[in-house]
Engineer: 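Here it is, the structure, as structure tokens.
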Amino acid sequence: MRRIRAAAVGAVTLSFALTVAACGGGSSGTEGSNEQPQSLTYWASNQGANLEVDKKVLQPELDKFEKETGIKVKLEVVPWGDLLNRILTATTSGQGPDVLNIGNTWSASLQASGALLPWDAKNFEAIGGRDRFVESALGSTGVQGQDPAAVPLYSMAYALYYNKKMFADAGIEKPPATWQELAETGKKLSKDGKWGLGAEGSNLSNNIHQVFVLAQQHGADFFTPDGKADFTSDGAVAAVKQYVDLMAKDKIVAPGNAEYAQNQSLSDFAKDKTAMVLWQTASATFKTQGMDDDEWGVAPAPVQSGVPGPGKATNSMVAGINMAVFKNTKNIDGAKKFVKFMTSDEEQVVLNKAYGSIPPVKAAQQDPAFSAPALAVLRDTLATSATALPQVPEESQFETVVGTAVKELFADAAAGRAVTTASVRAKLEKAQQQMPKK
């Protein structure tokens, strides 16, 4: 997800309820009706620097859609801090929008509610076919083996952004490629009130994204192959400890970052306070912070050794935004037309250029706009070394409970309390106990 926010903690109770209900496979039923064929409601996620930026990007496109189809789209841009809770409330009340954006990591959890339209072969055909989309993006649209709960809209990946001036001032010639190199480079940069690496220690989703990738590199996952929580494996514990140790042991992350959750690390980066940050498609945000494109560089996110690739060389989760339709919409035909419009080759170029993301539509990726060096790194990462987060119904709870455990460990590190393998395991054991029992 772009412009990451902590998942709403209040949503976890609703998530548990949905998961329990979904043990029977979720609700089933027919598609919505066409009682209101001339209107749609659309909840868009906050992709730009603020909500007003999103309205300026999206409204001209919605006006274009209305001119083409006669269907008026009522837009609401929902902040990330509210989005999951709003969606979960809508799935239980039945009072949701017609079309909405969802973080792709939530696809399986929301799929389990039974509230979203399944994208079977017939529905994919209505928007031009499944094969128009990049396969890695389709991997984050729901549980494998089931019809997707959504279709990809914007794709992102993590990369290492570095401040060229700070690197030059420290005599550092190239960005680090491994975690050991990152720690060594960060120590050279962490002095005189400046720091090597920025982090968002109170951002639950970002915490999950980072430790998930590290777990992959340690040959571990946070779920067993049959979907049961497995938070205390040696690899998972090592991953969490390695991430928190960037502050606790390596001391290349400022203690104050333990409280960051609203993109403050990007602001520090733009103000030459922090030399590196691991982030998704950050270029548009840097521009709003006053940075010129030639002030920063981008490199693949670190691996343990060697070069990025599949398996233990994974260096990003498959990030992005999906577009879904509430199954009880009163304009099912219009909703499909709107999804077709938003995922058309032309609109994919317009929208992803505006947000600095990568089109998940193959043809749109060929536009020269997505060949710039910064975007090329992200595109290559998605194609060769990114892995989707576990597509299980309990994914949103996983983000909350493990993300909170990492947040608490960062708080310990900031306060000078020891972060040991035992203390990490204890936090993860507590998190696993909070997961619903299957």
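All values below were derived from every heavy atom in this structure, side-chain atoms included, with hydrogens, water molecules and symmetry-related copies excluded.
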Engineer: I would like to know whether Lys165 and Glu295 meet salt bridge (charged side-chain N to carboxylate O under 4.0 Å, His left out); could you show each step before the answer?
Structural biologist: CA-CA 7 Å; Lys165 181 180 184 300; Glu295 294 184 82; over 6 Å; no
Engineer: Mark yes when over 12 heavy atoms from residues, nucleotides or ligands other than Glu68 sit less than 6.0 Å from its CD; otherwise mark no.
Structural biologist: yes
Engineer: Sub-3.5 Å donor-acceptor pair from the side chain of Thr314 to the main-chain atoms of Pro310, do we have one?
Structural biologist: no
Engineer: When rounded to the nearest 0.5 angstrom, what is the spacing between OG in Ser267 and CD in Gln262?
Structural biologist: 12.5 Å
Engineer: Quick test of your reading of the model: are Lys241 and Asp245 salt-bridged, counting only N-O distances below 4.0 Å?
Structural biologist: yes
Engineer: Is it the case that Asp268 and Tyr260 place a side-chain donor and acceptor less than 3.5 Å from each other?
Structural biologist: yes
Engineer: Where is the tightest heavy-atom contact between Ala159 and Val377, given as atom of each residue plus distance?
Structural biologist: CB-CG1, 4.3 Å
Engineer: To the closest 0.5 Å, what do you measure between CG (Leu246) and CG (Leu182)?
Structural biologist: 6.5 Å
Engineer: Walk me through it: do Lys122 and Glu125 pass the test salt bridge (charged side-chain N to carboxylate O under 4.0 Å, His left out)?
Structural biologist: CA-CA 5 Å; Lys122 177 183 175 182; Glu125 184 179 352; over 6 Å; no
Engineer: Regarding Asp345 and Arg132, does a basic nitrogen lie under 4.0 Å from an acidic carboxylate oxygen?
Structural biologist: yes
Engineer: Between atom CZ of Phe65 and atom CZ of Phe338, what is the distance when rounded to the nearest 0.5 Å?
Structural biologist: 6.5 Å
Engineer: Please assess Phe212 against Thr387 for the test side chain to side chain contact (heavy atoms under 4.5 Å, CB included), listing each intermediate value before the final yes or no.
Structural biologist: CA-CA 9 Å; Phe212 168 75; Thr387 299; 4.0 Å; yes
Engineer: Below 30° counts as parallel, above 60° as perpendicular, anything between as tilted: where do the rings of Phe398 and Phe231 land?
Structural biologist: tilted
Engineer: May I ask you to check if Arg130 and Trp119 form a cation-pi contact, with NZ or CZ under 6.0 angstrom from the six-membered ring centre and within 45° of the axis?
Structural biologist: no
Engineer: Taking NZ in Lys56 as the centre, count heavy atoms belonging to other residues, nucleotides or ligands within less than 6.0 Å. Is the count above 12?
Structural biologist: no
Engineer: Using the benzene-type ring in the case of Trp, are the ring centres of Trp296 and Tyr161 under 6.0 Å apart?
Structural biologist: yes
Engineer: Looking at Thr232, is its backbone amide N or carbonyl O close enough to the side chain of Glu429 to form a donor-acceptor pair, meaning the two atoms are under 3.5 Å apart?
Structural biologist: no
Engineer: Hey, does the side chain of Asn331 reach the backbone of Glu35 with a donor-acceptor pair shorter than 3.5 angstrom?
Structural biologist: no
Engineer: Quick check on side-chain contact (heavy atoms from CB on, under 4.5 Å): which of Arg425, Lys427, Gln242 does Val237 satisfy it with?
Structural biologist: Arg425
Engineer: May I ask you to check whether over 12 heavy atoms, not counting those of Gln180, lie within 6.0 Å of atom CD?
Structural biologist: no
Engineer: Give the minimum heavy-atom separation between Leu83 and Ser45, together with the two atoms involved.
Structural biologist: CD2-CB, 3.8 Å
Engineer: Return the minimal non-hydrogen interatomic distance between Ala137 and Ser155, and the atom names on each side.
Structural biologist: CB-OG, 3.8 Å
Engineer: What's the separation between atom NZ in Lys74 and atom CG in Asp98, rounded to the nearest 0.5 Å?
Structural biologist: 11.0 Å
Engineer: If I compare all heavy atoms of Gln304 with all of Thr178, which pair ends up nearest, and what's the gap?
Structural biologist: O-CB, 3.8 Å
Engineer: Does atom NZ of Lys336 have more than 12 heavy-atom neighbours, drawn from other residues, nucleotides or ligands, at distances under 6.0 Å?
Structural biologist: yes
Engineer: So, does Thr384 use its side chain to make a donor-acceptor pair with the main chain of Gly309 at under 3.5 Å?
Structural biologist: no
Engineer: Is the closest side-chain donor-acceptor distance between Asn34 and Asp333 under 3.5 Å?
Structural biologist: yes
Engineer: Quick one: does any side-chain atom of Glu76 pair with a main-chain N or O of Trp43 as donor and acceptor, under 3.5 Å?
Structural biologist: no
Engineer: Can a donor-acceptor pair be found between the side chains of Ser205 and Glu399 at a distance below 3.5 Å?
Structural biologist: yes
Engineer: Are any of the side-chain heavy atoms of Ser371 and Arg379 separated by less than 4.5 Å?
Structural biologist: yes
Engineer: Centroid separation under 6.0 Å, is that true for the rings of Trp80 and Trp106?
Structural biologist: yes
Engineer: Verify side chain to side chain contact (heavy atoms under 4.5 Å, CB included) between Leu204 and Lys407, making sure each step is shown before the conclusion.
Structural biologist: CA-CA 7 Å; Leu204 308 191; Lys407 173 184 173 179; 4.1 Å; yes
Engineer: After noting the C-alpha distance and the side-chain angles of Glu346 and Lys64, does the key distance pass the salt bridge (charged side-chain N to carboxylate O under 4.0 Å, His left out) rule?
Structural biologist: CA-CA 12 Å; Glu346 178 184 352; Lys64 188 189 304 182; 3.8 Å; yes
Engineer: If you count heavy atoms of other groups shown closer than 6.0 angstrom to NZ of Lys312, is the number above 12?
Structural biologist: no
Engineer: With heavy-atom distances below 4.5 Å as the criterion, would you say the side chains of Val298 and Pro373 are in contact?
Structural biologist: no
Engineer: Side chains of Asp230 and Thr224: is there a donor and an acceptor less than 3.5 Å apart?
Structural biologist: no
Engineer: Using atom types as modelled and distance alone, determine if a side-chain donor or acceptor of Asn50 lies under 3.5 Å from a backbone N or O of Glu52.
Structural biologist: yes
Engineer: Looking only at the aromatic ring of each residue, does the gap between the centers of Tyr162 and Phe269 stay below 6.0 angstrom?
Structural biologist: no
Engineer: Take Ile102 and Leu100 through the test side chain to side chain contact (heavy atoms under 4.5 Å, CB included) and record every step on the way to the result.
Structural biologist: CA-CA 7 Å; Ile102 65 173; Leu100 71 159; 3.8 Å; yes
Engineer: Check whether any side-chain N or O of Asn163 sits under 3.5 Å from a backbone N or O of Ala275 as a donor-acceptor pair, and report yes or no.
Structural biologist: no
Engineer: Judged by atom type as modelled, is there a donor-acceptor pair below 3.5 Å linking the side chain of Ser109 to the main-chain atoms of Ser396?
Structural biologist: yes
Engineer: Would you mind reporting whether Lys67 and Asp63 have side-chain heavy atoms less than 4.5 Å apart?
Structural biologist: no
Engineer: Report the distance from atom CD1 of Ile127 to atom OG of Ser344, rounding to the nearest 0.5 Å.
Structural biologist: 10.5 Å
Engineer: Given side chain to side chain contact (heavy atoms under 4.5 Å, CB included), test Val134 with Val361 step by step and report yes or no.
Structural biologist: CA-CA 6 Å; Val134 176; Val361 171; over 6 Å; no
Engineer: Please find the pair of heavy atoms, one from Gly139 and one from Gln391, that lie closest to each other, and give the distance.
Structural biologist: O-CG, 3.5 Å
Engineer: Does Gln111 reach the main-chain N or O of Leu116 with its side chain, forming a donor-acceptor pair under 3.5 Å?
Structural biologist: no
Engineer: Any carboxylate oxygen within less than 4.0 angstrom of a Lys/Arg side-chain nitrogen, looking at Lys327 and Glu31?
Structural biologist: no
Engineer: Evaluate the side chain to side chain donor-acceptor pair (under 3.5 Å) criterion for residues Asn315 and Ser385: first the C-alpha distance (whole Å), next the side-chain angles of each, then the deciding distance (0.1 Å), finally the verdict.
Structural biologist: CA-CA 6 Å; Asn315 68 338; Ser385 58; 2.7 Å; yes
Engineer: Checking side-chain polar atoms at under 3.5 Å, does Asn101 have a donor or acceptor matched by the opposite partner on Tyr42?
Structural biologist: yes
Engineer: Taking all atoms of both residues into account, what is the closest heavy-atom pair of Pro360 and Asn352, and its distance?
Structural biologist: CD-ND2, 4.3 Å
Engineer: For the backbone of Ile252 and the side chain of Asp250, can you confirm whether one donor and one acceptor N or O come within less than 3.5 Å of each other?
Structural biologist: no
Engineer: When rounded to the nearest 0.5 angstrom, what is the spacing between OH in Tyr154 and CG in Asn104?
Structural biologist: 13.5 Å
Engineer: Using the six-membered ring wherever Trp is involved, compare the ring planes of His209 and Tyr158 and label them parallel, tilted or perpendicular (cut-offs 30° and 60°).
Structural biologist: perpendicular
Engineer: Looking only at side chains, do Thr141 and Asn322 share a donor and an acceptor under 3.5 Å apart?
Structural biologist: no
